[in-house]
Amino acid sequence: MKSKATSVSCKLVMAAALVVAATFGAQVASGQVTKPAAEGKVESQESANKQSLAVMRTFADTIQVTVGEGEQSKEAKLIPEPLFRFSDPSRTFSDGSVWAWTITARPVVMTEFNCGDRNKRRWGHDLVATSDVRVSAAVAGYGRWAPRESDFKLQPVPEFPPPAKTEAGRLRQMKQFARSLSGSEEWQNQRSELRLLPTEVYRYSDVESGLLDGAAFVFAVGSNPEAILFVEVHKTDSGERSWKYGLARMSAAAVTFRLGDTEVWAVPQTFGSLSTAYHAFSRAVPAARAPDVDTLKKASE
């Protein structure tokens, strides 16, 4: 049998519980309930990431890429989403992404946007030609980039098995070749080994031109892209299929690649210029002819 004191205590506890429940219900109804700190932090980070992506998309939208000259020129199309997104706090990059423009298959121009502090107005750009045809780009708020010549070259893959018949089989072969390359970079007398990221960032083909299959891979320091490798299967007029590859820099550092003990590709340290195939520069947010800040905020919502 319960004592009177126990009965009173139970009533008090129940009354307190009812008060708490009523108060919580009122807070929920009025939207005053405070979210857990961890949940609020995640939402804040997601919002910052969306805002940052909107800024980078604005930069990409304000670069107009043209292939060829005169009446034969064509406007390349921007692939609407970044091929790769990264952050690398160890190298003071808080955010970055890689974008590309194409006519049919392999990108003709690629760029990396990066920043050390997303709250600052200036973002770094790495702009590079990834085709052996003449390209140019009107960069809003900066100038016209028109390389005198491209230093992108395709070369045969030596001593490699014939291309597989299936897409999956060829992709395994592409990754096998990519792993056989070793890359390094040197910046201000500091040398770093490049690591191959495990997944290709872009897959493409243009059967009519004889390009049966291709994929782009990223070599990075940390997660920051330093070079792009293209591995492709080409078909000759006689029907023969062969492997080819090409490399493009995505860094102002000196970059070197080896296949076994043989150096197969190297570029010197440089920021380039408006007339070279690689150029590193920066632009402010928002870029000229870009949406205003309110539009950027709306795009990130």
Side-chain angles (χ1 to χ4, degrees), residues 65-81 83-84 98-110 128-136 147 149-183 196-219 225 227-250 255 257-267 277-278:
V65 174
T66 302
V67 176
E69 295 180 293
E71 296 181 355
Q72 303 300 318
S73 65
K74 295 180 180 180
E75 183 176 343
K77 293 182 179 180
L78 171 68
I79 297 171
E81 295 297 326
L83 305 189
F84 182 65
V98 174
W99 301 71
W101 290 258
T102 183
I103 294 291
T104 54
R106 182 193 334 115
V108 294
V109 168
M110 297 179 74
V128 62
T130 54
S131 172
D132 55 2
V133 299
R134 184 174 289 276
V135 296
S136 62
E149 59 182 4
S150 173
D151 55 10
F152 181 84
K153 300 278 190 303
L154 285 175
Q155 49 189 326
V157 175
E159 300 178 1
F160 203 63
K165 294 182 179 181
T166 66
E167 287 188 5
R170 291 193 296 271
L171 182 59
R172 285 193 293 270
Q173 290 176 302
M174 292 175 187
K175 290 182 176 180
Q176 179 186 348
F177 172 70
R179 289 192 294 267
S180 71
L181 290 169
S182 59
L196 171 67
L197 301 188
T199 304
E200 73 281 3
V201 296
Y202 192 58
R203 191 84 183 267
Y204 54 91
S205 65
D206 182 15
V207 177
E208 291 185 4
S209 71
L211 173 52
L212 303 183
D213 203 350
F217 300 88
V218 169
F219 280 83
I228 308 293
L229 167 68
F230 300 91
V231 187
E232 301 177 350
V233 178
H234 288 258
K235 184 179 180 179
T236 64
D237 293 338
S238 62
E240 182 182 354
R241 299 184 177 192
S242 62
W243 290 103
K244 294 184 180 181
Y245 76 100
L247 287 153
R249 68 189 304 158
M250 197 62 77
V255 183
F257 273 83
R258 293 180 176 274
L259 182 58
D261 295 327
T262 304
E263 182 180 296
V264 293
W265 187 80
V267 289
Y278 168 82

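Hydrogens, waters and symmetry mates play no part in the numbers below; they use all other heavy atoms, side chains included.
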So which atom in [X] and which in [Y] form the shortest heavy-atom distance, rounded to 0.1 Å?
| X | Y | answer |
| --- | --- | --- |
| Val233 | Arg241 | CG1-CB, 4.4 Å |
| Gly70 | Ser73 | O-OG, 2.8 Å |
| Thr130 | Val109 | OG1-N, 3.4 Å |
| Ala215 | Met174 | CB-SD, 3.5 Å |
| Pro107 | Thr102 | CA-CB, 4.2 Å |
| Leu83 | Met110 | CD1-CE, 3.7 Å |

Salt bridge (charged side-chain N to carboxylate O under 4.0 Å, His left out) involving Glu167 - partner list, sequence neighbours excluded: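 Scan of Glu167 (salt bridge (charged side-chain N to carboxylate O under 4.0 Å, His left out), adjacent residues dropped) gives none.
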Report yes if the side chains of [X] and [Y] come closer than 4.5 Å at any heavy-atom pair, otherwise no.
| X | Y | answer |
| --- | --- | --- |
| Phe84 | Tyr202 | no |
| Arg106 | Leu154 | yes |
| Leu247 | Ile228 | no |
| Phe219 | Met250 | no |
| Leu229 | Tyr245 | yes |
| Trp101 | Ile79 | no |
| Glu75 | Val65 | no |
| Leu212 | Val207 | yes |

Can you name the one residue among Val231, Leu171, Val218 that meets side-chain contact (heavy atoms from CB on, under 4.5 Å) with Glu200?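 Of Val231, Leu171, Val218, side-chain contact (heavy atoms from CB on, under 4.5 Å) with Glu200 is met by Leu171 alone.
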Distance check, rounded to the nearest 0.5 Å: Glu149 atom CD versus Asp132 atom CG?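 It comes to 12.0 Å.
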To the nearest 0.5 Å, what is the distance between OG1 (Thr104) and CG (Asp206)?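 Between atom OG1 of Thr104 and atom CG of Asp206 there are 4.0 Å.
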Do the side chains of Arg134 and Glu69 get close enough for a salt bridge, i.e. N-O under 4.0 angstrom?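 Salt bridge flag = yes for Glu69 with Arg134.
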Determine, for Asp213 against Arg203, whether the closest basic-nitrogen to carboxylate-oxygen distance falls under 4.0 angstrom.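 Result for this pair is yes, salt bridge flagged.
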Run the side chain to side chain contact (heavy atoms under 4.5 Å, CB included) test on Trp265 and Lys153 for me, step by step, so that the C-alpha distance in whole Å, both residues' side-chain angles and the decisive distance to 0.1 Å come before the verdict. CA-CA 10 Å; Trp265 187 80; Lys153 300 278 190 303; over 6 Å; no
Say whether, by atom type as modelled, one donor and one acceptor occur between the side chain of [X] and the main chain of [Y] under 3.5 angstrom.
| X | Y | value |
| --- | --- | --- |
| Trp243 | His234 | no |
| Arg170 | Lys165 | yes |
| Gln173 | Ala164 | yes |
| Ser150 | Ser131 | yes |
| Thr66 | Ser136 | no |

Ring centres of Phe152 and Phe230 under 6.0 Å apart?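 Centroid distance Phe152-Phe230: below 6.0 Å, so yes.
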Please step through side chain to side chain contact (heavy atoms under 4.5 Å, CB included) for the pair Leu196 and Phe217, ending with a clear verdict. CA-CA 7 Å; Leu196 171 67; Phe217 300 88; 3.9 Å; yes
Got a sec: does the CD of Glu263 have more than 12 other heavy atoms crowding it under 6.0 Å?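 Yes, enclosed.
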Over 12 non-hydrogen atoms of neighbours within 6.0 angstrom of CD in Gln155: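 Buried by this count: over 12 neighbours within 6.0 Å.
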